[in-house]
Amino acid sequence: MLNEIVLHAAADAANQADILACEDLHTSGAYGKRPMAIVAAEGARLIDAEGKEYIDMVGGHGVCLLGHRHTAILEAITQQYERIVTCPEIFYNDQRARLYQSLQAHLAPRFGRYFLCNSGAEAVEAAFKLSRALTQRAGIVAMQGCFHGRTLGALSATWRPKYREPFGPLVPGFEHIPFNDLEAAQAAVNDSTAAVIVELIQGEGGINPVEDEFLHGLRSLCSERGALLIFDEIQTGLGRTGRWFCYEHHEVIPDLICLGKGIAGGLPMGALAWRSDLGTFPQHTHGSTFGGNPLVCAAANATLQVLEAESLPERAAEIGERFLDTLRSIEHPLIRQVRGRGLMIGIELRRRATPVLQAMAENGVLALPAGTTVVRLLPPLSIPEQDLERVRTTFLDALEEVYGD
Ligand SMILES: Cc1ncc(COP(=O)(O)O)c(C=O)c1O
């Protein structure tokens, strides 16, 4: 299953205990870390420094859409490195121009302007700055339970107090309303609102889907009151939910859309797209040293090509549906609800998720929490179906092992 390069990487890596000790000594402290050093990967598998193999349901926090080490990305970045890596946006570049066209081919026709950056949070920052500049208003309305990133602007929109409290004062002008509550939105959105931002499935918040009626209502409300509607599709976009963009399920089109995660096949990239008729950033008011660099644009072009050539959004819809059905058919007193769409799945437990995740890891499956009680599954869209079957049985065994009387 794993090729020689991957096996050599595992063999060459330093002793796992040494790696852990070194990171513990020097790490920022910001992360809750798991006691394993992941040193190589292939497809939907990760391998640690002791050569142990895991099924990857973390997918680099939803980044790994195509599977690890896809040859198309390897070829694209190797070829691009031989030509040029660094080319700031003050110059034009062929890969960047191609990326605009590729994004254009998949997004709704009303989109046509893009700001390229290096992470999801930067795409969110750009969305807020552009909304304020275009509307000459300051207010941003976000949803309770949402996650939009950790830079100060994005953090001001992010809900969870644990993430916000150590870093105040945050940016003024932000307000949170209950998710899926149209009356609350009607009360909050007014003539000082620059934008409303919403995730179509709250990822970090627990895999909570937006309601169709709420989304349609929000669209009308924003249009009526001159506020811009931002969809944060950083986690839901690019095939994850079984369509190219999650908004296609709802047939509601925003004014701005934030993208990130897997857009460049695992290399760091964020992107903001917006309606062409809205206008642009005033010149010299925004920018990024690395934003839109040719290496990452080449990786993004290859990623979009693979998503299309391998029909990965369609595959996510098909196998995601079957996987969700098998999970929903489990009758277990500790499972409260199974939620999700495509290959963005949450299993809400009646107990804490972390011990179950630990037991799953011991048995070769890595997954994420969302909040305290949800097991979150974000596998590569190319994952073999037999791996999903193993994930299901490993999850059930872990549940039994941890909480069985
Ligand atoms: C919906 C959403 N928005 C924004 C972000 C922030 O992205 P990044 O971590 O790349 O800054 C994330 C990351 O998990 C996310 O899921």
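Order of listing sets the numbers, starting from 1, for every ligand and every atom in it.
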field: Contacts of Tyr114 that satisfy ring pair (Phe, Tyr, Trp, His ring centres under 6.0 Å) - sequence neighbours left out
entry: Tyr100
Below 4.0 angstrom from a heavy atom of [X], which ligand 1 atoms are there? Numbered from 1 as shown, please.
X: Ser119; value: 10 (O), 11 (O)
X: Gly149; value: 4 (C), 6 (C)
X: Gln235; value: 16 (O)
X: Asp232; value: 1 (C), 2 (C), 3 (N), 4 (C)

- prompt: Would Asn301 and Ser102 count as a side chain to side chain donor-acceptor pair (under 3.5 Å) if you check the C-alpha gap in whole Å, the side-chain angles of each, and the deciding distance to 0.1 Å?
  reply: CA-CA 7 Å; Asn301 283 320; Ser102 313; 3.3 Å; yes
query: Can you tell me if OH on Tyr163 sees more than 12 non-hydrogen neighbours from other groups inside 6.0 Å?
result: yes
Under 3.5 Å between some N or O of ligand 1 and some N or O of [X]?
X: Ala121; answer: yes
X: Gly120; answer: yes
X: Glu122; answer: no

message: Under 4.0 Å between a side-chain nitrogen and a carboxylate oxygen: does that hold for Lys33 and Asp24?
response: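 So Lys33 does not pair with Asp24 through a salt bridge.
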message: Side chain, backbone, both or neither: which applies to Glu199 and ligand 1 if a contact is any heavy-atom pair less than 4.0 Å apart?
response: side chain
query: Of all the heavy atoms in His148, does at least one lie under 4.0 Å from an atom in ligand 1?
result: yes
- prompt: Who's the nearest protein heavy-atom neighbour of atom 5 (C) of ligand 1, and how far?
  reply: Phe147 CE2, 3.8 Å
message: Please list the nearest protein heavy atom to atom 14 (O) of ligand 1 with its residue and the distance rounded to 0.1 Å.
response: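 Result: Lys261 NZ, 2.7 Å.
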message: If we count only non-hydrogen protein atoms and require a distance under 4.0 Å, does atom 16 (O) of ligand 1 qualify as touching the protein?
response: yes
query: Aromatic rings Phe231 and Tyr247: how do their planes relate, parallel, tilted or perpendicular, breaks at 30° and 60°?
result: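 Rings of Phe231 and Tyr247: tilted, 30 to 60°.
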- request: Evaluate the ring planes of His286 and Phe115, with Trp represented by its six-membered ring, and classify them as parallel (under 30°), tilted (30 to 60°) or perpendicular (over 60°).
  value: tilted
message: Applying the side chain to side chain contact (heavy atoms under 4.5 Å, CB included) criterion to Phe395, which one of Arg390, Met360, His332 satisfies it?
response: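 That would be Met360.
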- prompt: Do Glu400 and Leu396 come within less than 4.5 Å of each other through their side chains, counting heavy atoms only?
  reply: no
